[in-house]
Amino acid sequence: MNRLNRNQMAERVAQDIPEGAYVNLGIGLPTKVANYLPADREIFLHSENGLLGMGPAPAPGMEDPELMNAGKEPVTLLQGGAFFHHGDSFAMMRGGHLDICVLGAFQVSAGGDLANWHTGAADAIPAVGGAMDLAIGAKQVFVMMEHLSKNGECKIVPHCSYPVTGIGCVDRIYTDLAVIDITAHGLLVREMVDGLDFAELQRLTPVPLTLAAAAATTVTA
Amino acid sequence: MNRLNRNQMAERVAQDIPEGAYVNLGIGLPTKVANYLPADREIFLHSENGLLGMGPAPAPGMEDPELMNAGKEPVTLLQGGAFFHHGDSFAMMRGGHLDICVLGAFQVSAGGDLANWHTGAADAIPAVGGAMDLAIGAKQVFVMMEHLSKNGECKIVPHCSYPVTGIGCVDRIYTDLAVIDITAHGLLVREMVDGLDFAELQRLTPVPLTLAAAAATTVTA
Amino acid sequence: MIDKTVSSLEEAVAGIFDGATVMIGGFGIAGQPAELIDALIAHGARDLTIVNNNAGNGEIGLAALLKARRVKKIICSFPRQADSQVFDALYHAGEIELELVPQGNLAARIQAAGAGLGAIYTPTGYGTLLAEGKETREIDGKHYVLEYPIRADFALIKAFRGDRWGNLVYRKAARNFGPIMAAAATVTIAQVGEVVPLGVLDPESIVTPGIFVQRVVAVPGLAQARVA
Amino acid sequence: MIDKTVSSLEEAVAGIFDGATVMIGGFGIAGQPAELIDALIAHGARDLTIVNNNAGNGEIGLAALLKARRVKKIICSFPRQADSQVFDALYHAGEIELELVPQGNLAARIQAAGAGLGAIYTPTGYGTLLAEGKETREIDGKHYVLEYPIRADFALIKAFRGDRWGNLVYRKAARNFGPIMAAAATVTIAQVGEVVPLGVLDPESIVTPGIFVQRVVAVPGLAQARVA
């Protein structure tokens, strides 16, 4: 089957972000989504450190130490963008003003619980940042992650074994194998990659799946 | 005795406002205090509708309908003043950032309860504005009022009969007869007008008074 | 291309439904979106719940909306004024419901809605008539009243300048409730003295970022024009 | 005449006492008041509780304060970073206490302190390890966690420009926690790239009004100088 690579996953997510959406892209893999947003769509990127209308990375040599994204990488501000303080920035997130946030994950449960902040290892230094705020605040929470861990365990699970970030907060999962909605009636497979059949996807996933009536048989990035 | 008139009361209050103080002057009588602040003291006047560094009334013809005080009278903004929204404005009041507020009152109780927002009359339309926020927010709450009502009843009372604005919030009372502190040990008379003796003041006031050791025998406005 | 500007006041207030909760900016007439209110009267929605600091002055703006009998309830801090005769008459006739809220609690409850808080313990009103029946709590020796967010379906506000992304700046004391109401309503409609091209507003000085604003309509006016 | 400017960093941090709670602005190095932190290290106060988003980067600024063993507890959202080796070592050695707070709760609790709220019901963290043992409540079908204000004795922040009344404006993403910390501390100390005469800062664009600032010290620097 044509498993998507990480850039293809980002490209696939980008397709689902409509013009005019207010969007926060989490640190790590989700940041790549910005590279695939169509230039002809005006989309408003929010960064929790106080930016709305965040633009691409600056040209080399033009970096500004006071113009960074949440991952502390240099960025720019588009014309029409704005700066604000942390109180206002998190009001945007927690007050339901963002349309979409895209987050990475260790695990997502059948009920939409998200685990992405802590491995639970006893000696790990915990760090949460804005993950829990994003998880509960945006109108739609998209998760992008590999379907299987490096050990071959599915990251979609009946119940999270890692400490959770938020309860029942995930709306849609994008993996390297499929696009899956979390609904009141369970997990609904919207798309699968070319060469993967539903039975095989279900075999890999320890949670009951339903194939959407209108499901695409191919994830096209 | 030399009962103070309203302008003299305002002048007396103004004497106690130190340089650098952040001050809110309530609607009505307290507004007059601004007229007596010494020109050589920098004092920061706050208006709850979003002004800090409020200046005097503009010259005739220079009024701006978007530059008013809380009483909706035209004002100016000093150099160094700032505009802000209602959330920030009331954070200044409620968060303990104002040094002094000066309020009018119907009654003040021996315990420092303030009644200044509602007569309690059944057919009165209640209106509270920012009175309750000012009462509980400022570091020091000064009340200025006539000692006696038009009916000759003392406005300093054992317990307020009017609906209260705030509990135990008043620090000092300026009347046309005296300046009185509300302390943990009761009401302490700091000053009396010329020609008034303590026994007479106590006779007029249905709450036990103590004469401060260092009390001035004259309120000099 | 995203363009939140609309070309008429009629279009600006489209969709305001009967029974809606509508926040209206302004402290007295400063910041009151008078032309949007007139458009709302023409639009015809009724049984509205209005959130405003006051309850109308004279016979224009909010007072005119009240006079047209479109308001079933008003949430405000200071209804009674020298020129609040329209409200006064309706109130005495029992034809309008009043929820009186201390001004700081009003602001804080609107902010709580915009920020997604479930409730707040506020210091104002403790021990008074306006906290009767409300839950209270002593925290670190101080007394607080539990108050809930005030949300709205629509907010009508007035700003000085806006752009097609909905960014707004205000003018002087007309700012008052505008920014906090913008964040607390599902649909925020701003009348602005001038629509400027994207990028004209300084990103350091934008008071209301466009995320909080859904529609912008230009209403050139005297107060705005006066500014340098 | 009121003049909140002080002429040296030493004077700026005077009076910070052992055991004080000190908020420090910044998100990573953007907005971090590095020179004030250096002055605090030289000043010598110890057993500090520090409130910051992070727990230091590299060996400078906050990391240097930690390395000098002046901090008994840190309240932050994101201590672990690629270059947080100073904190990491202290933490693993059990020599520093950590209160981990989701970033939005951190911001909201700081705001609650500045605004005088007694407590807030916040949506973030419900059902997670970080809400264990905390009071929760269901309001309108959503779950919230009760969180208390975070106040400080001092706040050290970095702004772009300031004046003698303590008015401040910030620069780009260096604004972050500065304005909300300024309102939550008893004594707020701002290092600014430039002190300008009163009246130079536009009253419409002042982000932190001087009421929230007690001391201002000029620290001309590269990042600030870069701006037009």
Side-chain angles (χ1 to χ4, degrees), chain A residues 27 47-51 54 62-77 81-96 111 113-115 117-118 120 123-137 160 162-169, chain D residues 25 27-31 53-55 57 76-82 84 87-88 91-92 98 100-108 110-111 114-115 122-131 142-143 158 160 170-181 183 207-208 222-224 226-227:
Chain A
I27 295 177
S47 184
E48 59 250 47
N49 53 324
L51 313 176
M54 185 168 58
M62 297 299 289
E63 298 87 355
D64 183 327
E66 295 186 337
L67 188 47
M68 300 283 175
N69 65 15
K72 288 155 191 157
E73 302 156 331
V75 295
T76 52
L77 191 79
F83 298 112
F84 35 82
H85 64 54
H86 248 75
D88 286 343
S89 185
F90 278 79
M92 292 178 193
M93 292 160 66
R94 295 149 56 105
D113 298 351
L114 170 68
W117 76 283
H118 192 2
D123 66 339
I125 297 179
V128 65
M132 289 184 180
D133 303 288
L134 280 169
I136 57 84
C160 292
Y162 290 111
V164 298
T165 309
I167 303 287
C169 57
Chain D
F27 183 90
I29 60 164
N53 189 57
N54 302 108
N57 300 82
C76 73
S77 87
F78 209 78
R80 188 192 62 234
Q81 299 188 267
S84 60
F87 172 80
D88 299 359
Y91 182 80
H92 283 305
L98 170 67
L100 188 73
V101 181
Q103 198 171 156
N105 284 357
L106 185 63
I110 293 169
Q111 285 190 293
T122 152
T124 300
Y126 177 79
T128 76
L129 280 178
L130 299 185
K142 266 191 81 169
H143 295 277
K158 179 180 180 176
F160 174 43
Y170 300 82
R171 185 173 172 276
K172 300 190 178 179
R175 186 182 306 193
N176 57 69
F177 284 92
I180 64 174
M181 287 180 171
V207 175
T208 297
L222 183 66
Q224 287 94 347
R226 183 175 300 181
V227 173

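Note that the structure is a prediction, hence the values are computed from the model and not measured. Numbered from 1 within each chain, the chains take letters A, B, ... in sequence-line order. These values consider heavy atoms only, across backbone and side chains, with no hydrogens, waters or symmetry-generated copies.
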Interatomic spacing from [atom1] in [X] to [atom2] in [Y] - rounded to 0.5 Å:
X       : Y       : atom1 : atom2 : result
L129(D) : W117(A) : CG    : CH2   : 5.0 Å
R175(D) : T208(D) : CZ    : OG1   : 8.5 Å
L114(A) : Y162(A) : CG    : OH    : 13.0 Å

Identify which part of [X] has an atom lying under 4.5 Å from any heavy atom of chain A, answering side chain, backbone, both or neither.
X       : result
V207(D) : neither
F87(D)  : side chain
N54(D)  : side chain
L106(D) : neither
Y91(D)  : side chain
A173(D) : both

Most chain A-contacting option - heavy-atom pairs closer than 4.5 Å, from [options]:
options                           : result
A55(D), A174(D), G178(D)          : A174(D)
L130(D), L98(D), T124(D)          : T124(D)
N53(D), I29(D), D88(D)            : D88(D)
P179(D), S77(D), P123(D), P102(D) : S77(D)
V101(D), T122(D), I110(D)         : T122(D)

Heavy-atom proximity to chain D below 4.5 Å, by part of [X]:
X      : answer
L51(A) : side chain
N69(A) : backbone
S47(A) : neither
F83(A) : both

Does the side chain of [X] reach to within under 4.5 Å of the side chain of [Y], using non-hydrogen atoms?
X       : Y       : value
F160(D) : E66(A)  : no
M132(A) : T128(D) : yes
Q103(D) : F27(D)  : yes

Taking every non-hydrogen pair under 4.5 Å, which of [options] racks up the most with chain D?
options                  : value
V75(A), T165(A), V164(A) : V164(A)
M93(A), H118(A), K72(A)  : K72(A)
A124(A), G50(A), A70(A)  : A70(A)

> Where do N57(D) and Q81(D) land on the side chain to side chain donor-acceptor pair (under 3.5 Å) test, with the steps shown first?
Replying inline: CA-CA 8 Å; N57(D) 300 82; Q81(D) 299 188 267; 3.2 Å; yes

>> side-chain contact (heavy atoms from CB on, under 4.5 Å) for K172(D) and D64(A)? Distances and angles first, verdict last.
In response: CA-CA 9 Å; K172(D) 300 190 178 179; D64(A) 183 327; 3.3 Å; yes

> Which residues satisfy the side-chain contact (heavy atoms from CB on, under 4.5 Å) test with D88(A), sequence neighbours excluded?
Replying inline: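 By the side-chain contact (heavy atoms from CB on, under 4.5 Å) rule, D88(A) matches F84(A), H85(A).
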
>> Parallel, tilted or perpendicular: which one describes the rings of Y126(D) and H143(D), with boundaries at 30° and 60°?
In response: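 Y126(D) and H143(D): parallel rings.
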
